[in-house]
Amino acid sequence: MTVLITGGTGYIASHTAVILLQQNIDIVLLDNLLNSKAIVLDKIELITGKRPTFVEADIRDEDSLDKVFAQYNINSVIHFAGLKAVGESVENPLSYYDNNVVGSLRLLSAMDKANVNNLIFSSSATVYGDPERLPLDESCALRTTNPYGANKLQVEQMMSDLCNSNDKWSMVALRYFNPVGAHESGLIGEDPNGIPNNLLPYVTQVASGLREKLSVFGDDYDTVDGSGVRDYIHVVDLAEGHVKALGLFDSVNSSNEGIGFEAINLGTGNGYSVLEMVKSFEEINGIEIPYQICPRRAGDIDSCYADASKAFTTIGWKAERGLDEMMRDAWNWQSKNPQGYEE
Ligand code: NAD
Ligand code: UFG
């Protein structure tokens with residue numbers, strides 16, 4: 001069994017690749033290196049002792065995908081490739097529709113031709129928009145508020161429509177909550193371009209002196225202390241969720257009948273506020289994080305956290321790592337790699 005991983009040198013994919021290699025599962029990583037670097041392959045090899053096969057290609061290039069399916073004996077795909085900055089998607093929606101929707105369409109089309117019928121897709125809690133209720137379960141209303149979220153929803157819809165068209169398909173949309181942290185080795189982690197959009201990368205850059213202070217976007221939300229609440233999940237827990245989800249395909253590998261479409265939340269079920277996150281980082285790592293309260297960030301919601309029970313019942317997964325490990329590993333990565341993957 002070989003698993004094709006699109007966006008394979010990216011943040012979440014590289015952590016997933018490590019676990020798959022450690023479980024002796026063959027993988028092919030495909031990436032156009034738009035938001036990642038080939039040096040990640042060296043780091044994966046350092047951790048696992050195995051060098052993953054790498055194909056530099058764009059998912060929108062269907063000929064390249066056809067060649068990959070012809071060359072390797074692939075039976076499942078984990079599809080991480082895409083653009084992921086919400087604000088950028090508002091400014092430049094066409095590039096987001098092209099990369100995320102057209103790219104996914106090309107991938108599905110190549111899979112169809114190659115008769116590769118098992119897919120795990122990186123979806124996002126952003127598909128729930130302003131939550132209908134909390135905690136968010138998979139039956140909550142889907143109502144996105146930006147092009148990035150719309151892209152995720154459209155790809156989920158394509159997956160579901162395909163499953164309705166032919167029962168050969170098995171398609172799982174994993175809806176991630178807020179991935180943070182890094183591999184405990186400190187060899188791989190998140191390497192944001194420029195000024196980080198996300199909370200924890202910003203906090204670690206303040207801790208390392210790269211940024212002066214954190215801006216806390218709003219202290220007047222209807223939450224425990226007024227700052228926004230999210231469900232932060234350790235990236236290694238998230239990666240393990242993909243490996244567990246692959247297990248859903250075991251039963252179909254021998255038959256022609258797929259499992260159809262499933263959407264599954266990957267979160268911890270716990271919500272923490274921005275100020276709680278800052279305090280936790282300070283306590284675990286013994287570093288003070290200067291911050292100032294700023295106006296709310298456009299488009300942000302009060303609170304977002306998962307009901308993660310479906311993940312447990314369907315794929316036997318639950319998050320194992322707490323806030324302490326998230327903070328420790330995020331700082332371990334940042335302090336060992338102050339410039340990310342730059343030498
Ligand atoms: P990332 O940017 O580190 O990884 C994405 C990878 O895809 C990058 O290596 C990039 O070079 C590659 N890529 C982009 N467009 C491509 C294309 N057209 N062809 C080939 N490769 C391409 O991001 P990540 O945080 O690891 O996210 C992975 C997936 O998870 C994305 O689909 C993202 O939308 C989704 N997701 C991320 C978060 C988060 O907060 N990190 C939350 C929810 C969902
Ligand atoms: N925040 C700050 N200061 C910062 C950055 C963030 O106060 O410098 C706050 C935000 O206002 C929010 C919380 O920290 O309350 C988390 O913000 P992030 O930007 O880290 O995460 P979001 O929840 O806004 O979005 C993330 C991903 C999206 C994904 C979503 C899914 O960036 O791609 O989770 O829940 F869609």
Side-chain angles (χ1 to χ4, degrees), residues 5-16 29-38 40 55-61 64-65 78-87 89 95-96 98-100 102-104 106-107 121-129 131 136 144-146 148-149 151-152 155 174-180 189-193 195-203 205-206 211 213-219 221 223 227-233 235 238-239 265-267 272-275 277-278 291-306:
I5 304 184
T6 75
T9 41
Y11 170 47
I12 305 168
S14 54
H15 290 80
T16 307
L29 307 186
L30 181 146
D31 204 296
N32 65 358
L33 301 178
L34 187 73
N35 197 38
S36 55
K37 300 194 174 68
V40 171
V55 177
E56 185 174 343
D58 194 299
I59 52 166
R60 290 164 294 182
D61 174 3
S64 292
L65 294 177
I78 310 182
H79 175 32
F80 292 99
L83 305 177
K84 61 167 183 174
V86 173
S89 81
S95 72
Y96 271 67
D98 186 38
N99 222 303
N100 296 349
V102 174
S104 300
R106 299 264 183 274
L107 174 66
F121 170 60
S122 298
S123 190
S124 166
T126 195
V127 297
Y128 298 115
L136 282 155
T144 61
T145 54
N146 54 66
Y148 169 74
N151 294 167
K152 292 293 180 199
V155 175
L174 297 178
R175 294 177 179 159
Y176 314 157
F177 283 68
N178 290 51
V180 296
E190 189 169 12
D191 184 14
N193 255 333
I195 302 173
N197 285 312
N198 296 120
L199 177 65
L200 206 54
Y202 204 103
V203 167
Q205 291 199 4
V206 172
R211 319 240 162 240
K213 60 185 164 203
L214 172 73
S215 300
V216 174
F217 298 138
D219 67 347
Y221 287 110
T223 61
S227 63
V229 165
R230 297 291 183 275
D231 184 339
Y232 297 92
I233 173 169
V235 66
L238 192 64
N265 286 342
L266 292 184
Y272 293 101
S273 75
V274 175
L275 295 176
M277 293 291 283
V278 170
Y291 67 85
Q292 63 180 1
I293 305 294
C294 296
R296 292 180 177 198
R297 184 172 66 178
D300 273 358
I301 51 177
D302 295 32
S303 299
C304 175
Y305 50 91

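Heavy-atom basis, side chains included; hydrogens, waters and symmetry copies ignored. Ligands are counted one by one from 1 in listed order, and the atoms in each one are counted from 1 as well.
Ligand 1 has at least one atom lying under 4.0 Å from a heavy atom of Ser123. For the pair Ala57 and ligand 1, a heavy-atom separation below 4.0 Å is found. Ligand 2 lies out of reach of Tyr272, whose nearest heavy atom is not under 4.0 Å from it. Gly103 does not count as a contact of ligand 1, since none of its heavy atoms falls under 4.0 Å from the ligand. Using a 4.0 Å heavy-atom cutoff, Arg175 is absent from the residues neighbouring ligand 1.
Counting the atoms of ligand 2 from 1 in the order shown, those under 4.0 Å from a heavy atom of Arg230 are 12 (C), 15 (O), 16 (C), 22 (P), 23 (O). Of all the atoms in ligand 2, the ones that sit under 4.0 Å from a non-hydrogen atom of Arg297 are 5 (C), 6 (C), 10 (C), 17 (O), 18 (P), 19 (O), 24 (O). Close contacts of ligand 1 with Ser124, meaning ligand atoms under 4.0 Å from a residue heavy atom, involve 43 (C), 44 (C). Of all atoms in ligand 1, numbered sequentially from 1 with element shown, those under 4.0 Å from a heavy atom of Leu34 are 11 (O). Ligand 1 places these atoms under 4.0 Å from at least one heavy atom of Tyr148: 33 (C), 34 (O), 35 (C), 36 (N), 43 (C), 44 (C). Residue contact check: Ser215 has heavy atoms under 4.0 Å from atoms 2 (C), 3 (N), 4 (C), 7 (O), 8 (O) of ligand 2. Close contacts of ligand 1 with Arg60, meaning ligand atoms under 4.0 Å from a residue heavy atom, involve 18 (N). The distance from ligand 2 to the heavy atoms of Ala125 drops below 4.0 Å at these ligand atoms: 31 (C), 35 (O). Against a heavy-atom cut-off of under 4.0 Å, Lys152 is close to the following atoms of ligand 1: 31 (C), 32 (O), 33 (C), 34 (O), 35 (C). Residue Thr126 approaches ligand 2 through these ligand atoms, each under 4.0 Å from one of its heavy atoms: 31 (C), 36 (F). Listed by number with element, the atoms of ligand 2 under 4.0 angstrom from any heavy atom of Ser124 are 29 (C), 31 (C), 36 (F). Set against the non-hydrogen atoms of Val216, the atoms of ligand 2 under 4.0 Å away are 7 (O). Which parts of ligand 1 touch Ser122 is read off a 4.0 Å heavy-atom cut-off, strictly below it: atoms 29 (C), 30 (O), 32 (O), 35 (C). Close approach to Tyr232 involves these atoms of ligand 2, each under 4.0 Å from a residue heavy atom: 13 (C), 14 (O), 16 (C). Within ligand 1, counting atoms from 1 as listed, the ones closer than 4.0 Å to a heavy atom of Gly7 are 6 (C), 7 (O), 12 (C).
The protein heavy atom nearest to atom 15 (N) of ligand 1 is Asn99 OD1, 3.0 Å. Protein heavy atom in closest approach to atom 27 (C) of ligand 2: Asn198 ND2, 3.8 Å.
Side-chain polar atoms of Tyr128 and Asn265 form a donor-acceptor pair below 3.5 angstrom.
Contact annotation: for Leu33 versus ligand 1, heavy atoms closer than 4.0 Å belong to the backbone alone. The backbone of Lys84, and not its side chain, has at least one atom closer than 4.0 Å to an atom of ligand 2 (non-hydrogen atoms only; backbone = N, CA, C, O). Heavy atoms of Ala125 found under 4.0 angstrom from ligand 1: none, in either backbone or side chain.
Remark: ligand 1 and Glu190 share no N or O pair separated by less than 3.5 Å (distance only, no angle test). At a 3.5 angstrom cut-off on N or O pairs, Tyr176 does not count as close to ligand 2. Any N or O atom pair closer than 3.5 Å counts here, and Tyr176 shares no such pair with ligand 1.
Here the straight-line distance linking atom CG of Asp231 with atom OH of Tyr272 works out to 9.0 Å at 0.5 Å rounding.
Between atom 6 (C) of ligand 2 and the options Ile301, Leu199, Val86, the minimum heavy-atom separation is to Leu199. Here the shortest heavy-atom distance to atom 4 (C) of ligand 2, taken over Tyr148, Tyr128, Phe217, Tyr202, belongs to Phe217.
Contact check for Asn198 versus Glu190: side-chain heavy atoms found under the 4.5 Å cut-off.
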